[in-house]
Amino acid sequence: MSLPPIDLAVFHDNGYVRKQCRVTSLWFWTCDEARETCGDTPEDEYTFIGAPLIEGFDQRGKALKDAMREAFLGYFTDREHTRIDPYPVLARWRDDIHLTIASIADFQPHVTSGAVQPPANPLAVSQPCIRLTDVDAVGRSGRHLTTFEMMAHHVFNRPDDGLEIYWMEECVEHCHRMLTETFGIQASEITYVENPWCGGGNAGAAVEVIVGGLELATLVFMDMEEHPDGEVELKGDRYRTMPLQIIDTGYGLERFCWAAAGTPTIYEAIYPETVAWLKQRSGFDNVANRWPSLDLDRLLSEMSRLNGIMNIEAGVDGEKLVNIFLKRLAERGVEVSAEQFSSITEPLANIYAIPDHLHALCNMLGDGLVPSNAKAGYLARMLARRVLRMRDELDIQVPLTELATHHLDVNLGGQLNKQTRDGLLTILALEEERYIEMLRKGTNVIQTQLKSLPKEATEIPDGHLFTMNDSHGLAPDMVITLARHAGWNSVTLRTGFSAEMAERHARMAKEAATANSGGGHVLDVAGYPATTPLYYESVYLPTFEANVLGCQSAEGLGPEGATHAVVLDATLFYPEGGGQEGDRGRLQQNNVGVDVLDTQKIGDVIVHFTNGPLDGSPNIEGHLDWKRRKQLMDHHTAVHIVGGAARRLLGPHIFQAGSHLTVESGRLDITHYHRLNRADLDAMEDMANEVLSDVRATEKSELNRRDADMVHGFDLYQGGAPKGDSIRILKIAEHDIQACGGTHHDEPGQIGSIRIVRSSAVQDGVERLHIVAGEAALAYARSQDELVRLSSEVFGVHGDDLPKAAARFFKEWKEQRKLIEHLESEIVRLRTSGGGDATTDVDGVRVVVMEIDGDLKSMTTMLKELTLDAAQPTLAVLGSKDGGGKLMIGVTENTLASERYNAVDLLRSISSHIRGGGGGRPTFAQGGGSYAEGLGDALDAAREQLGL
RNA sequence: GGGCGCUUAGCUCAGUUGGAAGAGCGUCUGGUUUGCAACCAGAAGGCCGGGGGUUCAAAUCCCCCAGCGUCCA
């Protein structure tokens, strides 16, 4: 079964009729009798270019967006909707996506699953979003953006609980009234297209709202979830109705602005100052002068109309696209050559994309993101690099920081969510430095990679292009440009290469994804009720009493040595979570005791892994390994304190990227754009220890999620996205506030002391702090003392003098090694200059066959000494009993000696005497064996062959 | 999270099938020059990132670790 028609009174009341689209076959509603297409087809041109469909908005740029946003939100707040503040673009509350991609993303997964109440109901919001999937089309299509605001009204109905705010009828009515009354759009211009929506395991009926050939909004009525027995089938999956009915709408703020401005592209409507500025700086205005006969205005307006009906998506081959454009333009009476076309559209695409990318970048960094080479940080770096590349293509000599300053002031009103202006500019300056460094390195790499390629070559081998892109960050067309500068003047990029490379990446990603799937073995705890956590009541209790609910065999499921899994009705044992390791200790029955080796949480059930079974009686007494627990608490609370210190000292971009607490140490990963030095660590360490003495008590509280978000914001979720509705919060005065389910001290002073041992890099943009606290800090200090003591004993100096002594010894060692080398070669010279028994003259060639004491190194020196002098042609055969026997043969190159003798042949014929092999070049061969006693025979064989 | 690449002299980097550690710049000494620049001659400067393995032999091949870079999700 598919979905029934969307037949609403609001359509009939406004004179709309249901038709089927001639092109797409989709059903749609229109009040234009002549209309045969749904509006969003290759036959529907944009009708608003030069003829705005939305009236009363004369502003442009930021002012236009602000006015449009207020008009939208005002309509809904006047009609009982609560306006909520937008969420960050960095989706910290989710672990499945990095960026906020839609307004509904604010409420996933917990509100949409029904676990958590929405912040308001119904609500209206204008949510900044970032989508990077179509990043290649931005600037080229006239309408694609990586960052946009999704205006929305959301409703969360629970019909079973009697909560029904409104559904399709009222939703569409709101939409229709707003479009026609608030925005003055002619009803005849609007079509409502029925097109069911599904995604992420949910589905529902949906209506696309098309105005003037442009999709202005989508209204989704999500009331189904994926289920194998579902009655409704959509795109191959089956769905059934669910208890929650959600209205998910999305109105494109920027598209409203565009429809109100009627500019050739969306970019001119929302970033007019930047577009003008870039045109001026890049000298684009002069382009038209190059071809006086060309009507640039006419060309651009025809192009923007064409853009509306041509599906310019990422991955479309550039050259093919140009040809289609030229043909279509010619049909419309605009004659333009391919050269003219590219010289206009290529810079224009960059001019349009730069403000869009800057907007996304400022939003991301403004939320505290730190650029990196992995995860979300990479997305920021990619955008920064694209901007820099486009800037260079436009040949604008403006630093990235200046571009950002302009964007910040002109298009963002100087407002950043979290990051400071200085912080943003520092980060971008670093990104530009990295980019320049990459280009410099890349030029070198190209020189080396292309060394074997003749200068007349017309193509660079695919393998080189792939390597340079994937490993060195140089896109194929950049490689071509750099190669031409480096002297390969005729190389070009094969048509379609970029598409091939994208395909290759997609294939690789797919392979990696399939290779990665595979589930782990887990314990089955279904049927047990949630375990009551006693550790929150007081973190200082060492013993407790509880009832055994179950004890099952768990061989291989827990840590090494664990044989059983015990489930209790309540426990003091903290299960591993939030980076804190699970508690250990002992469970005691009347006469049976088992050790708890680890504690884990599976769902709401806490599992104790033990080294033996319990005897079956219900009551047990639990004894915590309190010393261990205390140490884990020391480290955990210390990590919070150090994290707070880092944020205060380094900036608002400091976010916890991970943590791990063990008995030995605590580990805290923080996001930062620089490597940390010892001075940074010392400052944090000082501040952390001040907190220990200044803050008398920590505050622990529990809030529902909605209140937690509202009171503390999303910085609360340093430890990752929380799962349930109820959030435990640890507040250490104003120093650090975050959601954390771990066990923490009531008084920071109980930790004793905190040391930041060192920092290391996890990835670019993430710094790992190694922390010891409490007893562990003491143990660490002792072990360091021990290292110093042992080392200074070796040198026979006092610990304070250790660095100086080590430096002196290292220096002397180097000097002496040098001296030994000199002396060795001197000895060789002395031994060889005199000649002696080992030397014979054979028809003008000095032949030396001798056994020496020494390793390969000194043999080499000796052989060098014997055979490097061209004035004295020499064949030298050296043998040593070192390490199973070594043989080395050399002849003086380019002399009588090298004409007459072949070192390799000679070596091969005698090396069998020492039971080994060898090889080399005709003028130099070396080998070895495992039978040193045969060395004499080997040398004799050599003499024999040489006729001595 | 996955893939790929890099780490060699103070700096920028070469280093072919495993077989004698290199170039350019910089430094120092001497020459030339009124002096400087330039030039000429010479020298110093290397745990070839660390650890293990294979091999008669490893900068080179394999494994682990560290640092750095890069692409994709």
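Every chain is numbered from 1 and lettered A, B, ... according to where its sequence line falls, protein lines coming before strand lines. Any value given below was found using the heavy atoms of this structure, including those in side chains, with hydrogens, waters and symmetry copies removed.
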So, does Ser665(A) use its side chain to make a donor-acceptor pair with the main chain of Leu661(A) at under 3.5 Å? no

Would you classify Ser372(A) as touching base, sugar-phosphate or nothing, given that sugar-phosphate means primed atoms plus P, OP1 and OP2, and contacts are heavy atoms under 4.0 Å? nothing

Over all strands shown, is Tyr378(A) touching base, sugar-phosphate only, or nothing at heavy-atom distances under 4.0 angstrom? base

My understanding is that only residues two or more places apart in sequence, or in another chain, count here; which of them pass salt bridge (Lys or Arg N to Asp or Glu O under 4.0 Å) with [X]?
| X | result |
| --- | --- |
| Arg900(A) | none |
| Glu786(A) | Arg789(A) |
| Lys811(A) | Glu815(A) |
| Glu576(A) | none |

For every nucleotide of nucleotides 60-69 of chain B, 5' to 3': is a protein heavy atom under 4.0 Å from its base (B), only from its sugar-phosphate (S), or from neither (-)? -------SSB

Under a 4.0 Å heavy-atom criterion, the protein footprint on nucleotides 46-57 of chain B, written with B, S and -, is S---------B-

Just list the side-chain donor-acceptor pairs under 3.5 Å for residues 902-917 of chain A, sequence neighbours left out, or say none.
{"residue": "Asn902(A)", "atom": "OD1", "partner": "Val904(A)", "partner atom": "N", "Å": "2.9"}
{"residue": "Asn902(A)", "atom": "OD1", "partner": "Asp905(A)", "partner atom": "N", "Å": "3.1"}
{"residue": "Ser909(A)", "atom": "OG", "partner": "Leu906(A)", "partner atom": "O", "Å": "2.8"}
{"residue": "Ser909(A)", "atom": "OG", "partner": "Gln945(A)", "partner atom": "NE2", "Å": "2.6"}
{"residue": "Ser911(A)", "atom": "OG", "partner": "Leu907(A)", "partner atom": "O", "Å": "3.4"}

Under the side-chain hydrogen bond (donor to acceptor under 3.5 Å, both in side chains) test, residues paired with His672(A) that sit two or more places apart: His653(A)

With salt bridge (Lys or Arg N to Asp or Glu O under 4.0 Å) as the rule and sequence neighbours excluded, what pairs involving residues 429-438 of chain A come up? Arg381(A)-Glu431(A), Arg391(A)-Glu432(A), Arg434(A)-Asp764(A), Glu437(A)-Arg440(A), Glu437(A)-Lys441(A)

Residue pairs fulfilling salt bridge (Lys or Arg N to Asp or Glu O under 4.0 Å) with at least one residue in residues 464-475 of chain A, sequence neighbours excluded: Asp470(A)-Arg504(A)

So, Tyr435(A) versus Asp392(A): side-chain donor-acceptor pair below 3.5 Å or not? yes

Does a side chain donor of either His464(A) or Thr467(A) reach within less than 3.5 Å of an acceptor in the other side chain? no

What residues in residues 902-911 of chain A put a non-hydrogen atom under 4.0 Å from any atom of RNA chain B? none

To the nearest Å, how far apart are Met468(A) CE and rU70(B) P? 16 Å

Using atom CG of Leu465(A) as one end and atom C1' of rU70(B) as the other, report the distance to the nearest whole Å. 16 Å

Look at the side-chain N and O atoms of Asn444(A) and state whether any lies under 4.0 Å from the OP1 or OP2 oxygen of rC13(B). yes

Output yes when at least one side-chain N/O atom of Arg507(A) is less than 4.0 Å from OP1 or OP2 of rC72(B), else no. no

So, taking the atom named SG in Cys129(A) and the one named CG in Leu145(A), what distance separates them when rounded to the nearest 0.5 Å? 11.5 Å

Can you tell me which residue among Ile446(A), Leu450(A), Leu493(A) is in a side-chain contact (heavy atoms from CB on, under 4.5 Å) with Ile460(A)? Leu450(A)

When the nearest nucleotide of RNA chain B is assigned to Val891(A) and to His98(A) on a heavy-atom basis, which residue is associated with the more 5' position? Val891(A)

Fill in the dot-bracket string of RNA chain B, one character per base: . for unpaired, | for a pair to another strand, ( ) or [ ] for pairs within the strand, taking Watson-Crick or G-U pairs under 3.5 Å. (((((((..((((.....[..)))).(((((.......))))).....(((((..]....)))))))))))).

Would Phe924(A) count as stacked on rA20(B) if the rule is ring centres under 5.5 Å and plane angle under 30°? yes

